[in-house]
2 protein chains.
Amino acid sequence: MFTVGFVQFRPVRRDVAANVAAVERLLAGVRADLLVLPELANSGYLYAAPADLAPYAEPGDGSGPFLAALRRLAGQTGGVIVAGFAERGGEGLYNSAAAVDAGGVLQVYRKTHLFADEKLLFLPGDTGFRTFEHRGAAIGMMVCFDWHFPEAARTLALAGSQIIAHPSNLVMPYCQTAMVTRSLENRVFSITCNRYGTEELDGNPLTFTGASQILDTLGRRLAQAPVEGDYVATAKIDPALADNKRINARNDLFADRRPELYA
Amino acid sequence: MFTVGFVQFRPVRRDVAANVAAVERLLAGVRADLLVLPELANSGYLYAAPADLAPYAEPGDGSGPFLAALRRLAGQTGGVIVAGFAERGGEGLYNSAAAVDAGGVLQVYRKTHLFADEKLLFLPGDTGFRTFEHRGAAIGMMVCFDWHFPEAARTLALAGSQIIAHPSNLVMPYCQTAMVTRSLENRVFSITCNRYGTEELDGNPLTFTGASQILDTLGRRLAQAPVEGDYVATAKIDPALADNKRINARNDLFADRRPELYA
């Protein structure tokens with residue numbers, strides 16, 4: 001069995017150390033093969049301009065303080081941690097997710113579909129949707145608004161992902177239900193780790209919707225957080241169940257696809 | 001405004017005339033621009049072999065009794081009727097849907113993704129997902145299990161469909177929720193017309209789940225039938241709302257797609 005989980009918390013802006021401390025406190029005593037943190041867990045969400053956010057962003061190679069802390073924490077939890085983070089790339093900032101274990105960064109995913117004013121802060125992701133292996137499980141990453149595009153989870157599943165790790169800063173009310181369909185249509189596990197709390201910029205508040213969840217390959221909730229509050233949950237799964245796309249004696253959800261008829 | 005609706009009923013096997021009579025009775029006094037009937041509304045669902053079903057199938061050109069009756073009924077309802085029907089094609093049978101108005105058959109769609117033992121009765125559909133126009137509205141058809149493949153509704157929406165007409169004979173419990181995601185992710189209206197009741201073949205009963213529904217472009221239910229029983233519902237919609245894929249000042253769900261990163 002493979003233990004997966006999420007760490008719902010409320011990142012604060014302009015204080016990477018405080019966010020590391022919050023995660024460290026919540027992870028005390030937790031052991032898991034895969035833990036997912038929210039989107040932009042190092043920096044918080046609302047910034048007026050890239051130059052305003054840049055001091056809290058860091059490279060994807062693990063040389064900055066946030067990913068270094070995750071590496072240390074992954075040594076404690078005994079697995080891999082997937083966290084959203086503001087990434088400083090060569091050409092600008094990316095809204096990224098990193099998979100980190102005790103050995104360092106395994107993979108970085110740069111968010112494909114930027115939401116609203118994120119387009120003012122970040123470059124569109126250029127990594128695409130890929131799978132990495134950890135202890136025999138195939139894991140893929142997507143970030144927040146990627147949920148709205150069925151092609152994101154589909155591409156991950158077709159690339160072999162058994163588990164979708166989905167760091168989020170959700171503000172619309174739809175994703176937690178839509179992910180049920182994403183898991184079901186692809187027969188994959190999914191872990192949506194959302195943040196909670198309210199941020200404000202120029203007098204405009206933005207409230208995040210919490211309710212982080214772990215779904216099985218039929219879209220059934222194995223765990224769900226409340227809409228507010230720090231919350232850690234784990235569940236034991238068998239990732240190999242996601243390799244079975246057969247839903248009855250005659251239907252295999254992937255073999256039955258007919259791409260020649262799709263746009 | 002454009003009036004859409006569904007006619008949930010329980011087709012019986014081996015009696016096309018009885019099914020026409022049931023629809024005719026339910027449509028007495030109903031006027032609507034678009035009405036959707038269940039899958040295989042002429043024939044019922046469970047047959048042991050193609051030769052067993054063939055006597056109740058008919059060509060897609062409107063020359064058979066079921067589509068001829070729909071043409072007459074469309075004259076009464078004052079719009080187009082989309083109904084699932086067993087189609088007799090040149091090479092074999094298809095699980096099809098026809099759009100029929102008072103002038104005749106507008107379009108035939110042959111089910112792309114056959115479910116379970118349907119593979120023993122029908123040829124895989126070869127029409128693909130297309131849009132037809134009726135009174136200024138763009139309508140696309142898909143049938144039942146097509147819901148499970150996000151590419152089906154996506155292809156219809158990318159082809160311009162504002163409304164998805166979805167005749168169904170659902171037996172699994174997932175579709176009515178998944179269609180919420182289908183409407184939302186594509187910003188289209190959808191009308192899932194399901195049947196109810198139980199059929200049995202070789203001692204194996206199959207119960208259909210009713211709960212037909214009309215969804216708006218945010219996936220909100222404008223009408224829903226109970227899980228059992230004849231039920232007609234209509235709703236007034238503005239199909240042009242589906243042309244707006246913009247969800248905030250910076251995101252357009254179609255312009256934001258990045259097909260170069262999709263499988």
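Note on naming: letters A, B, ... go to the chains in the order of the sequence lines (proteins, then strands), and numbering restarts at 1 for each one.
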Between [X] and [Y], does any side-chain N to carboxylate O distance fall below 4.0 Å?
{"X": "R13(B)", "Y": "E199(B)", "answer": "yes"}
{"X": "R154(B)", "Y": "E185(B)", "answer": "no"}
{"X": "D256(B)", "Y": "K119(A)", "answer": "yes"}
{"X": "R257(B)", "Y": "E151(A)", "answer": "yes"}
{"X": "E118(A)", "Y": "R250(B)", "answer": "no"}

> At a heavy-atom separation under 4.5 Å, does A178(A) approach chain B through its side chain, its backbone, both, or neither?
Replying inline: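 Contact with chain B is through both the backbone and side chain of A178(A).
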
> What part of H148(A) lies closer than 4.5 angstrom to a heavy atom of chain B: side chain, backbone, both or neither?
Replying inline: both

> Looking at C175(B), C193(B), S190(B), which hits side chain to side chain contact (heavy atoms under 4.5 Å, CB included) with H166(B)?
Replying inline: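 With H166(B) as partner, side chain to side chain contact (heavy atoms under 4.5 Å, CB included) holds for just one option, C175(B).
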
> Parallel under 30°, tilted from 30 to 60°, perpendicular over 60°: which one fits the rings of F208(B) and Y45(B)?
Replying inline: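 Ring orientation, 0 to 90° scale: perpendicular.
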
At a 4.5 Å cut-off on heavy atoms, which part of [X] comes close to chain A: side chain, backbone, both, or neither?
{"X": "D117(B)", "answer": "both"}
{"X": "F145(B)", "answer": "side chain"}
{"X": "L158(B)", "answer": "side chain"}
{"X": "N248(B)", "answer": "side chain"}

>> Which one wins on heavy-atom pair count under 4.5 Å against chain A: G219(B), P259(B), A116(B)?
In response: A116(B)

>> Let's test your reading of the structure: which of V180(A), L120(A), L156(A) forms the most heavy-atom pairs below 4.5 Å with chain B?
In response: L120(A)

>> I'd like to know which of T127(A), L218(A), D126(A) tops the heavy-atom pair count under 4.5 Å against chain B.
In response: L218(A)

